[in-house]
Student: 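Here you go, one structure.
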Protein chains: 4
Amino acid sequence: MRPESSPSGRKRNPIIEEARRRQIVDAAIETVAEVGYAQASLARIAQRAQTSKSVVSYHFAGKDELLEQVVTQIYADSWAFIEPRLAAQSSAAGKLAAYIESNIAYMHARRAHLLAVVAVVGNHRSADGRLRFEPSADESVLTLLGEILRTGQRDGEFRDFDPRLVAVTVSQAIIGVLGAWVADPTVDPTSYAAELVTLFDRATRSQGD
Amino acid sequence: MRPESSPSGRKRNPIIEEARRRQIVDAAIETVAEVGYAQASLARIAQRAQTSKSVVSYHFAGKDELLEQVVTQIYADSWAFIEPRLAAQSSAAGKLAAYIESNIAYMHARRAHLLAVVAVVGNHRSADGRLRFEPSADESVLTLLGEILRTGQRDGEFRDFDPRLVAVTVSQAIIGVLGAWVADPTVDPTSYAAELVTLFDRATRSQGD
Amino acid sequence: MRPESSPSGRKRNPIIEEARRRQIVDAAIETVAEVGYAQASLARIAQRAQTSKSVVSYHFAGKDELLEQVVTQIYADSWAFIEPRLAAQSSAAGKLAAYIESNIAYMHARRAHLLAVVAVVGNHRSADGRLRFEPSADESVLTLLGEILRTGQRDGEFRDFDPRLVAVTVSQAIIGVLGAWVADPTVDPTSYAAELVTLFDRATRSQGD
Amino acid sequence: MRPESSPSGRKRNPIIEEARRRQIVDAAIETVAEVGYAQASLARIAQRAQTSKSVVSYHFAGKDELLEQVVTQIYADSWAFIEPRLAAQSSAAGKLAAYIESNIAYMHARRAHLLAVVAVVGNHRSADGRLRFEPSADESVLTLLGEILRTGQRDGEFRDFDPRLVAVTVSQAIIGVLGAWVADPTVDPTSYAAELVTLFDRATRSQGD
DNA sequence: AATGAATGAGAATTCATTCAT
DNA sequence: GATGAATGAATTCTCATTCAT
């Protein structure tokens, strides 16, 4: 439950404290990316962070909190990258394209982040045995995509389809492209992203366009 | 999801031996589906198979071989279901639709198989730390889809696109639909499958059609 | 949870199994007696039993079950010693004296048992933080003593007093004598037991006697 | 429960220093009372004292010194309560009754103190593994009781018995009454104390009385 | 063919203590 | 005088595997 239980507020020395936490979270990301979820022990994470298990335990309530931070941090980072690129587009089709391309671009530059989120989100469970995070694509992402798609339909940009299905499909397609690149580094995610944009453009735009 | 034969595995008393192995593999599938890859210990699997750990160890060289059998068996089963449905179609578009629909239909009827393959394929690693199976969509599936798509392009059914990208996207879309259903059982995979067929039809067919 | 989870009944090889469990319980008794409850780790117990921690974990579901066995076994052993001595007496006063003397005699011959029960009963707690056993003197003992005392009152052997208070006092007096002996080995529990019998005889017998 | 003065403990800034120490000792008492000796960690004690572990470590040489203070302080407090009540009695029988009643009255009003002393005295050990305090009833108490009893015997108030045995028995009886109350709060320690006085009166007074 | 017993490695976590500031 | 950060030892427990029978 966080270092000590100081009577007053939350953090005590935000400067050092937060730096250390970040360093450990980064080590956790790299470790999970490299050896996978099941093999990512606190010992290994600590080793990569160049500390001992107890330091990790000091800064995080437990493995659970650490792994949650991994996901939370990656979600926040990626959203900070994607959001302005979305905002720069006015049409629904433009936003959809920006979403696909910025997502792929972000992860293309951060291979470990990609592997870590996928691994943690797909495996991390609470004590009751249920997955702690939404499987594969998180709910808020689907909501966001759903809104873009629905807006496009209302404005006549897109044809009639089930927005949730297409949202799921877009999400998975992005992961697919990234997965193909991870499995075979000669794959170019950028050009695949462009192909994906074309593909979904055809799949979604209304007849007349 | 994978065209290949099931065999391998040296036998001792083919008759009883194989029954026992099957029973244990089934228990492994259910266990992984229920508690996830990381929590699926031999003890838990043995418990569900109503035996003891040593029996499991006796019939399989180790946990590795057992989990490989899990994937191998599910690939074989699903291929036995899908293959005839593919063969019944003559056009590339028909084959593509049959692929999508039969894949989803198979897993729709076998939730545990779906969860188990995804979990094992995404997590199981050899001693050197590399994934034992191709991540998310295995190579032979992509090869098969790729051939269908290329044939369709050659025959003018499909427009010009990167067959590998579309193969990856189709594969992932199927997983996406199934994932949506697992997360929310009110989702109807059959109608989603139909939507997916439409979506990819639009995305792939050549201009004039 | 016991070794494995064989499909059939409880124990598998009662002969070896039970011997090993007994050996470990004995080691636990000696360890707790020697180093106290808080310092009695599974490692230390295993060491004294000339095995490894994992053997202990194999035969007992956990430290909890082991320590419960410690208490259960000592209660059973001591009762087997005391019961016939109680039965040999017909009067309530005789039974009371026999109870005091046989209790002290039993523990006098088994110093480690005495120290272990006291330590475990006074310290062992369940996850919710409550003591697992009745504190200091267990309920069934008080019930038994209470019945003897009440019988004596009904038959006119004993004066009028609160049977529960006297039961508690007798119980504690026995522990006191044994504690005095443990702290100072020159104390003779046998003669103290005799003194105690006299003391409670005077304290309980009805006026006229 | 123990005639002795509280002092010791080197001071730095007597005024604030001593207040802080007292506060921490109180927190230790409550913690031990609530969770037991083995679970009373410095972290938990600090938490209840609304500070951090390092503050505790700063004010006390270590956990050992803190727990010793717990016992010392309770002994001093209880003696301050009991002593005047003893002094008010002139006869040995009166002093014995006053001892029993004031002891029970003190602890009746301070449940946490009772639980804490019993727990610490029965468990706390020095590095060599020996109990730091005399087990269950400490020596000075027995000496005091012994003197009362011997005086009573010399003056003809009490019959002939081993004063040490009776001292031990009285001590344990008091703990027994308090233990019964702790286990079952409906028990009334005051009336049990009165019963105890009667019981020991009968058990100790000389024949003719 | 089958299995109960054993085992050592490694898991997460808690602990009392120290130290630089 | 006070404390946040760090740390290494030790805790219980689970694991996959091996072996004698």
Side-chain angles (χ1 to χ4, degrees), chain A residues 2-8 11-17 19-20 38-46 51-64 66, chain B residues 12-13 16-17 20 38-46 51-64 66, chain C residues 1-8 11-17 19-21 38-46 51-64 66, chain D residues 12-13 16-17 20 38-46 51-64 66:
Chain A
R2 262 338 206 358
E4 287 294 317
S5 60
S6 143
S8 47
K11 311 170 194 166
R12 271 78 47 81
N13 185 338
I15 181 126
I16 285 188
E17 165 75 4
R20 210 83 165 95
Q39 280 76 35
S41 68
L42 286 190
R44 247 198 258 244
I45 292 169
T51 12
S52 60
K53 279 179 297 175
S54 32
V55 176
V56 177
S57 280
Y58 173 71
H59 289 281
F60 295 88
K63 205 187 182 186
D64 274 14
L66 174 54
Chain B
R12 273 162 280 222
N13 176 333
I16 202 170
E17 172 81 4
R20 212 83 161 99
Q39 280 75 35
S41 66
L42 283 191
R44 247 198 258 243
I45 293 169
T51 11
S52 59
K53 275 184 295 180
S54 32
V55 175
V56 176
S57 283
Y58 176 72
H59 288 282
F60 295 88
K63 203 189 183 185
D64 277 10
L66 172 56
Chain C
M1 280 143 184
R2 261 339 209 352
E4 285 295 316
S5 61
S6 139
S8 46
K11 310 167 192 165
R12 271 74 50 80
N13 186 340
I15 182 125
I16 286 190
E17 165 76 4
R20 211 83 166 96
R21 278 173 69 93
Q39 280 75 34
S41 67
L42 285 189
R44 246 197 259 246
I45 293 169
T51 12
S52 61
K53 280 180 294 176
S54 30
V55 176
V56 177
S57 280
Y58 173 71
H59 289 281
F60 295 89
K63 204 188 184 186
D64 274 15
L66 174 54
Chain D
R12 274 163 282 220
N13 175 332
I16 203 170
E17 173 82 3
R20 212 84 160 98
Q39 280 75 36
S41 66
L42 284 192
R44 249 200 256 243
I45 293 169
T51 11
S52 59
K53 274 183 296 178
S54 33
V55 176
V56 176
S57 284
Y58 176 71
H59 288 282
F60 296 88
K63 202 189 184 185
D64 277 11
L66 173 55

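Everything quoted here is computed from the prediction, not taken from an experiment. Letters go in sequence order (proteins before strands), and every chain restarts at 1.
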Student: Could you tell me whether the side chain of Val55(B) reaches within less than 4.5 Å of the side chain of Arg20(B), counting heavy atoms only?
Tutor: yes
Student: So what stems show up for DNA chain E if we need 3 or more Watson-Crick or G-U pairs in a row, all under 3.5 Å?
Tutor: E:2-21 with F:2-21
Student: Please name the pair of heavy atoms, one in Ala46(D) and one in Ser52(D), separated by the smallest distance, quoted to 0.1 Å.
Tutor: CB-C, 3.5 Å
Student: Rounded to the nearest 0.5 Å, what separation is found between the NZ atom of Lys53(D) and the CD1 atom of Ile45(D)?
Tutor: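 These two atoms lie 12.0 Å from each other.
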Student: Taking only side-chain nitrogens and oxygens of His59(C), does any of them come within less than 4.0 Å of OP1 or OP2 of dA6(E)?
Tutor: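 For dA6(E), OP1 or OP2 has a side-chain N or O of His59(C) closer than 4.0 Å.
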Student: Between the protein and nucleotides 7-11 of chain F, are there any N/O to N/O pairs under 3.5 Å, and if so, what are the atom names and distances?
Tutor:
from: dG8(F); atom 1: N7; to: Ser54(A); atom 2: OG; distance (Å): 2.5
from: dG8(F); atom 1: O6; to: Ser54(A); atom 2: OG; distance (Å): 3.4
from: dT11(F); atom 1: OP1; to: Ser41(C); atom 2: OG; distance (Å): 3.4

Student: Please enumerate all residues that pass side-chain contact (heavy atoms from CB on, under 4.5 Å) together with Ser57(B), with sequence neighbours excluded.
Tutor: Leu42(B)
Student: Measure CD1/Ile45(A) against P/dG10(E) and give the value in whole Å, please.
Tutor: 17 Å
Student: Roughly how far apart are Ile16(D) CD1 and His59(D) NE2, rounded to 0.5 Å?
Tutor: 8.0 Å
Student: Which value, rounded to the nearest 0.5 Å, describes the distance between Arg21(C) atom CZ and Tyr58(C) atom OH?
Tutor: 11.0 Å
Student: Expressed in angstrom and rounded to an integer, what is the separation of Leu66(B) atom CG from dT17(F) atom P?
Tutor: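 The distance from CG of Leu66(B) to P of dT17(F) comes to 10 Å, rounded to the nearest Å.
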Student: Ser57(D) or Ile16(B): which one's nearest nucleotide on DNA chain E is closer to the 5' end?
Tutor: Ile16(B)
